[in-house]
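Please read these numbers as outputs of a predicted model, since none were measured by experiment. Note on naming: letters A, B, ... go to the chains in the order of the sequence lines (proteins, then strands), and numbering restarts at 1 for each one.
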Amino acid sequence: MKLLNVYRKLYSEFGPQHWWPADNELEVIIGAILTQNTSWKNVEKAIKNLKPISLSKMRSISRKELENRIRSSGFYKQKAERIKAIVKLLDKYSIETLKSMPVDKVRQLLLSVKGIGKETADSILLYALGKGIFVVDAYTKRIFNRLGFDISGYEEVRKFVETNLPANYYNEFHALLVKLAKEYCRKKPNCRKCPLKSYCSFYKQHYKE
DNA sequence: AGCCAGGACTGAG
DNA sequence: CTCAGTCATGGC
């Protein structure tokens with residue numbers, strides 16, 4: 001099973017996912033932090049509470065108030081801290097500046113912020129800054145392993161996709177993998193209807209008669 | 001009533 | 001490098 005065929009199958013099944021759901025780049029960046037190990041539903045309320053907060057207001061807002069506004073997203077103390085940290089970076093490098101900088105350097109900058117790991121950094125690079133970076137998450141690794149791709153490390157998986165798929169597909173592909181996981185992997189019975197079941201080792205082991 | 005969400009950090013082995 | 005514990009709310 002070729003990776004490009006996986007993409008095609010998912011796209012024809014689900015269509016465009018319109019990621020990242022946000023009104024502007026700052027919202028993508030904040031959202032990337034808020035959604036860490038948290039369902040998107042819980043993040044939406046937090047985003048809503050932050051809507052009236054512009055970037056300039058974000059600098060002066062007290063930590064307590066920030067915590068209260070994002071409480072529904074869980075881990076609210078760390079996340080408030082992390083948002084403060086990324087805003088501090090944006091103080092030195094504007095979003096437009098980051099867009100014009102080399103990918104590797106921006107990735108380094110993001111990873112140097114406490115609370116921003118690889119997935120969050122790459123989400124920002126791809127969905128906020130429009131860089132050619134593929135975002136790997138737990139779903140990606142799980143699905144790939146079930147499809148027989150024997151790779152486990154974050155960078156390994158990322159390189160695998162980036163060498164087997166055109167860069168303009170990264171955006172949609174990650175979104176489609178999340179969609180697939182939500183629809184067919186998370187809830188067990190749905191596994192039977194999965195569009196990739198004929199290639200999935202998990203399906204064969206648990207549901208094939 | 002648990003278990004899990006569109007993770008990251010820390011410490012231990 | 002892998003792995004458990006921690007952080008925390010809300011939906012199912």
Side-chain angles (χ1 to χ4, degrees), chain A residues 6-7 10-11 14-23 25-50 63-89 107-129 131 133-146 150-159 161 169-191 202:
Chain A
V6 174
Y7 174 88
L10 292 179
Y11 189 85
F14 299 118
Q17 300 299 301
H18 307 103
W19 271 38
W20 187 290
D23 290 343
E25 292 95 339
L26 178 62
E27 210 177 290
V28 176
I29 294 171
I30 304 288
I33 291 173
L34 292 180
T35 197
Q36 288 172 350
N37 200 40
T38 301
S39 69
W40 184 250
K41 289 299 176 189
N42 285 351
V43 175
E44 285 181 319
K45 302 169 193 166
I47 296 278
K48 206 170 185 178
N49 294 332
L50 291 177
R63 171 149 308 131
K64 282 255 186 170
E65 184 177 351
L66 184 54
E67 288 179 1
N68 286 333
R69 286 177 187 266
I70 67 173
R71 185 168 301 258
S72 68
S73 73
F75 306 123
Y76 58 90
K77 288 183 180 177
Q78 327 183 349
K79 286 177 179 176
E81 179 73 26
R82 291 171 185 184
I83 289 172
K84 282 290 189 182
I86 188 66
V87 166
K88 199 183 307 172
L89 180 71
R107 192 166 196 258
Q108 255 188 329
L109 281 176
L110 292 172
L111 289 176
S112 71
V113 176
K114 256 171 297 183
I116 296 190
K118 290 174 181 174
E119 182 179 345
T120 305
D122 291 342
S123 295
I124 292 171
L125 287 168
L126 177 61
Y127 292 109
L129 304 177
K131 301 292 189 182
I133 293 280
F134 179 75
V135 179
V136 178
D137 64 351
Y139 292 148
T140 307
K141 294 177 184 173
R142 198 179 311 161
I143 293 168
F144 281 11
N145 286 330
R146 290 179 181 185
D150 189 25
I151 41 182
S152 57
Y154 184 98
E155 297 298 338
E156 271 182 89
V157 177
R158 186 168 71 86
K159 285 304 172 191
V161 174
Y169 289 3
Y170 298 167
N171 182 320
E172 197 65 50
F173 191 39
H174 173 72
L176 286 168
L177 288 170
V178 173
K179 177 70 173 176
L180 176 74
K182 283 182 177 176
E183 291 295 317
Y184 296 106
C185 302
R186 219 146 86 179
K187 290 165 63 179
K188 289 186 178 179
N190 287 352
C191 195
F202 183 85

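By the salt bridge (Lys or Arg N to Asp or Glu O under 4.0 Å) test, A:Lys141 pairs with no residue at all, sequence neighbours left out. Looking at residues two or more places apart in sequence or on another chain, you find no side chain to side chain donor-acceptor pair (under 3.5 Å) involving A:Ser39. Residues passing the side chain to side chain contact (heavy atoms under 4.5 Å, CB included) test with A:Thr35 are A:Trp20, A:Trp40, A:Val43, sequence neighbours excluded. Among residues two or more places apart in sequence or in another chain, the side chain to side chain donor-acceptor pair (under 3.5 Å) test is passed with A:Tyr154 by A:Asp122. Scanning for side chain to side chain donor-acceptor pair (under 3.5 Å) contacts around A:Thr140 gives A:Asp137, with sequence neighbours left out. Residues that satisfy the salt bridge (Lys or Arg N to Asp or Glu O under 4.0 Å) test with A:Glu67, not counting sequence neighbours, are absent from this structure. Residues satisfying the side chain to side chain contact (heavy atoms under 4.5 Å, CB included) criterion with A:Asn145, sequence neighbours excluded, are absent altogether.
Distance check on atom P: B:dT10 versus C:dA8 gives 15 Å, rounded to whole Å. Between the P atoms of C:dG5 and B:dC4, the separation comes to 14 Å (whole Å). On the P atoms, B:dC3 is 15 Å away from C:dA4, given to the nearest whole Å.
No side-chain heavy atom of A:Phe144 sits under 4.5 Å from any side-chain heavy atom of A:Asp150. Side-chain atoms of A:Lys84 and A:Leu66, non-hydrogen and from C-beta on, do get closer than 4.5 Å to each other.
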Short heteroatom pairs, N/O only, protein and nucleotides 11-13 of chain B, under 3.5 Å:
none

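Using a 4.0 Å heavy-atom cutoff across all strands shown, A:Ile116 reaches sugar-phosphate atoms only and no base atom.
Protein chain A touches strand DNA chain C; the 5'-most and 3'-most nucleotides with an atom under 4.0 angstrom of its non-hydrogen atoms are C:dC7 to C:dG11.
Remark: the A:Ser73 side chain and the A:Lys45 side chain contain no N/O donor-acceptor pair separated by less than 3.5 Å.
Note that A:Arg146 lies in the cation-pi zone of A:Phe202, set by a 6.0 Å cut-off to the ring centre and a 45° limit from the axis.
Non-hydrogen atoms lying under 4.0 Å from DNA chain B are contributed by A:Thr35, A:Gln36, A:Asn37, A:Thr38, A:Ser39, A:Trp40, all within residues 27-44 of chain A. DNA chain B lies under 4.0 Å from at least one heavy atom of each of the following residues of residues 71-81 of chain A: A:Gln78. For DNA chain B, the neighbouring residues in residues 134-144 of chain A, judged by any heavy atom under 4.0 Å, are A:Tyr139.
Nearest heavy atom pair, residue A:Tyr127 against residue A:Asn171, reads OH-O, 2.7 Å. Scanning both residues, A:Ala46 and A:Leu34, for their nearest heavy atoms gives CB-CD1, 3.9 Å.
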- Does the pair A:Glu81 and A:Lys114 meet the rule for a salt bridge (charged side-chain N to carboxylate O under 4.0 Å, His left out), with working shown? CA-CA 9 Å; A:Glu81 179 73 26; A:Lys114 256 171 297 183; over 6 Å; no

- Query: Going through the checks in order, is the salt bridge (charged side-chain N to carboxylate O under 4.0 Å, His left out) test met by A:Arg69 and A:Glu65?
  - Reply: CA-CA 6 Å; A:Arg69 286 177 187 266; A:Glu65 184 177 351; 2.8 Å; yes

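Mapping A:Lys114 and A:Trp20 onto DNA chain B via the closest heavy atom, the residue that lands nearer the 5' end is A:Trp20.
Classified by interplanar angle (parallel below 30°, tilted 30° to 60°, perpendicular above 60°), the ring pair A:His174/A:Trp19 is perpendicular.
Rounding to whole angstrom units, CG of residue A:Leu110 and P of B:dG7 are separated by 17 Å.
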